[in-house]
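Convention: sequence-line order gives letters A, B, ...; per-chain numbering from 1.
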2 protein chains.
Amino acid sequence: MTVRNEQLQGIPGTTAGIFPAACPSRTVLDHVTSKWGVLVLLALSREPHRWGELRRGIEGISEKMLAQTLRTLEGDGFVHREVQAVIPPRVDYSLTARGRELTEHLLPLMGWIDDNAAEILAPRVD
Amino acid sequence: MTVRNEQLQGIPGTTAGIFPAACPSRTVLDHVTSKWGVLVLLALSREPHRWGELRRGIEGISEKMLAQTLRTLEGDGFVHREVQAVIPPRVDYSLTARGRELTEHLLPLMGWIDDNAAEILAPRVD
DNA sequence: CAGTATCCCCGAGGATACTG
DNA sequence: CAGTATCCTCGGGGATACTG
C-alpha cells in the first residue's frame with residue numbers, strides 16, 4: 001500500500017493513487033480493524049484467555065462473530081489457539097509473536113482514544 | 001473503556017468485562033476504524049487534500065462514503081474543512097491538531113502492516 | 001465448555017442521477 | 001468542482017438451537 005511516510009505525497013494528480021484497492025495492506029487492515037478485531041487483540045494483549053472469558057469480556061460480541069474474528073486472526077498468524085484434551089473442553093487463545101508486534105502499535109492507539117474519547121464526543125450525543 | 005495497561009487484566013471471572021458495550025472509546029474507535037476512516041486520515045496525514053484528490057486517491061471509495069467519513073471525522077474534530085468562495089468551488093480538507101495526534105499513532109501501525117502484509121497473507125489466497 | 005449450523009434482518013455501503 | 005438525493009443490494013452480523 002506504500003503508506004511509508006516518504007511516499008504519502010502520492011494523492012494529487014491523476015496518478016494511480018496511494019491507496020490501491022487491491023493490495024495486501026488493505027486486506028490486513030480490514031482484518032485488524034474489523035468490527036471486533038481490535039477488541040479481541042487487545043483483550044489477548046495482556047494475557048491468554050479462554051473462549052468463554054472472551055465471550056463475556058468483550059461485551060456485545062456474538063458467538064458467531066467471536067469465532068469468525070478468532071479464526072481470521074489465527075489465519076493471519078496473530079493469534080494462537082491451544083486445545084486441551086480434557087473434559088470439559090478447554091481452549092486457550094493467546095497472541096503469537098507477530099500478534100504482539102501488532103498490539104504494540106494498537107495499545108498506544110487505544111490508550112490515546114481512551115484518554116480523549118470523552119472530550120471528542122463531548123458536545124454531541126451521536 | 002479502560003484499556004490502560006494496568007487494567008487490562010479485567011476479563012476473567014464474571015465481572016463486568018473490560019470492554020463495556022456503551023463507552024465513548026468504542027464509539028470513537030468505530031469512527032476511526034470504520035471502513036474508510038483510517039485511509040482518509042492517513043491520506044490527510046501528510047498534507048491537505050481537495051475532495052477530488054481524495055476521491056481519486058482512495059481507490060474504491062464512493063462519493064457517499066467519502067462525504068460520510070469526512071463528516072464524521074470532522075464532527076470528531078479530527079478533520080478541518082475549509083471552503084474557498086471561488087468558482088469553481090474549492091474545498092480543502094486537512095487534519096486538526098487532534099487529528100495529527102491521532103495519526104501519530106496510526107502511521108506506525110500502518111507502517112508495520114504495510115511492511116508485513118505480504119508475509120502475513122503469504123500462504124493463503126483469502 | 002467450546003464451539004457449529006441455520007435462519008434472518010437490517011443497515012452499511014455502492015451506483016446513478018442530479019444540483020449550486 | 002463538490003457535493004446531495006435516491007434507490008437498491010448484499011453480506012455483515014445477531015439470535016437461536018443444537019452437538020462433541
Are OP1 or OP2 of [N] and a side-chain N or O of [X] less than 4.0 angstrom apart?
X: B:K35; N: C:dG14; value: yes
X: A:R50; N: C:dA2; value: yes
X: B:R71; N: D:dG3; value: no
X: B:W36; N: C:dG14; value: yes

Which of the following nucleotides, [options], is nearest to the side chain of [X]?
X: A:E63; options: C:dT4, C:dA2, D:dG13; result: C:dT4
X: B:R81; options: D:dG3, D:dG14, C:dG14; result: D:dG3
X: A:Y93; options: D:dA2, D:dG13, C:dG3; result: C:dG3
X: A:P88; options: C:dG3, C:dC1, D:dG14; result: C:dC1

Protein-nucleotide distance ([X], atom [atom1]; [N], atom [atom2]), rounded to Å:
X: B:H31; N: C:dG13; atom1: NE2; atom2: P; answer: 12 Å
X: B:L66; N: D:dC1; atom1: CG; atom2: P; answer: 14 Å
X: A:E53; N: C:dG3; atom1: CD; atom2: C1'; answer: 16 Å
X: B:W51; N: D:dC1; atom1: CH2; atom2: P; answer: 13 Å
X: A:H49; N: C:dA2; atom1: NE2; atom2: C1'; answer: 17 Å
X: B:I58; N: C:dG13; atom1: CD1; atom2: P; answer: 14 Å
X: B:L39; N: C:dG13; atom1: CG; atom2: P; answer: 13 Å
X: A:K64; N: C:dT4; atom1: NZ; atom2: P; answer: 12 Å

Could you tell me whether a side-chain N or O of [X] sits under 3.5 Å from a main-chain N or O of [Y], the two making a donor and an acceptor?
X: A:R81; Y: A:L70; answer: no
X: B:T72; Y: B:H31; answer: no
X: B:T96; Y: B:G99; answer: yes
X: B:E59; Y: A:P20; answer: no

DNA chain C base-pair string [pairs: Watson-Crick or G-U under 3.5 Å; |: paired with another strand]: ||||||||||||||||||||

If you assign each of A:P89 and A:S62 to its closest nucleotide in DNA chain D, which residue comes earlier from the 5' end?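 Going by which nucleotide is closer to the 5' end, it is A:S62.
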
For side-chain contact (heavy atoms from CB on, under 4.5 Å), just list the numbers for B:F78 and B:V32, CA-CA rounded to whole Å, side-chain angles, deciding distance to a tenth of an Å, and then say yes or no. CA-CA 10 Å; B:F78 295 131; B:V32 173; 4.1 Å; yes

Under 4.0 Å between any heavy atoms, over every strand shown, what does B:R55 touch: base, sugar-phosphate, or nothing? Just pick one.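 The residue B:R55 makes no contact with any strand.
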
Tell me what A:R90 touches on the nucleic acid: a base, only sugar-phosphate, or nothing, going by heavy atoms under 4.0 Å. sugar-phosphate

Show, in sequence, the C-alpha distance, side-chain angles and deciding distance for B:L107 and B:S45, and conclude whether the side-chain contact (heavy atoms from CB on, under 4.5 Å) test is met. CA-CA 8 Å; B:L107 279 166; B:S45 72; 4.0 Å; yes

How many angstroms lie between atom NE2 of B:H49 and atom CG of B:D92, to the nearest 0.5 angstrom? 10.0 Å

Could you pull out the closest heavy-atom pair between A:D114 and B:S25, with the gap in Å?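 Closest pair (atom of A:D114, atom of B:S25, distance): OD1-OG, 2.7 Å.
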
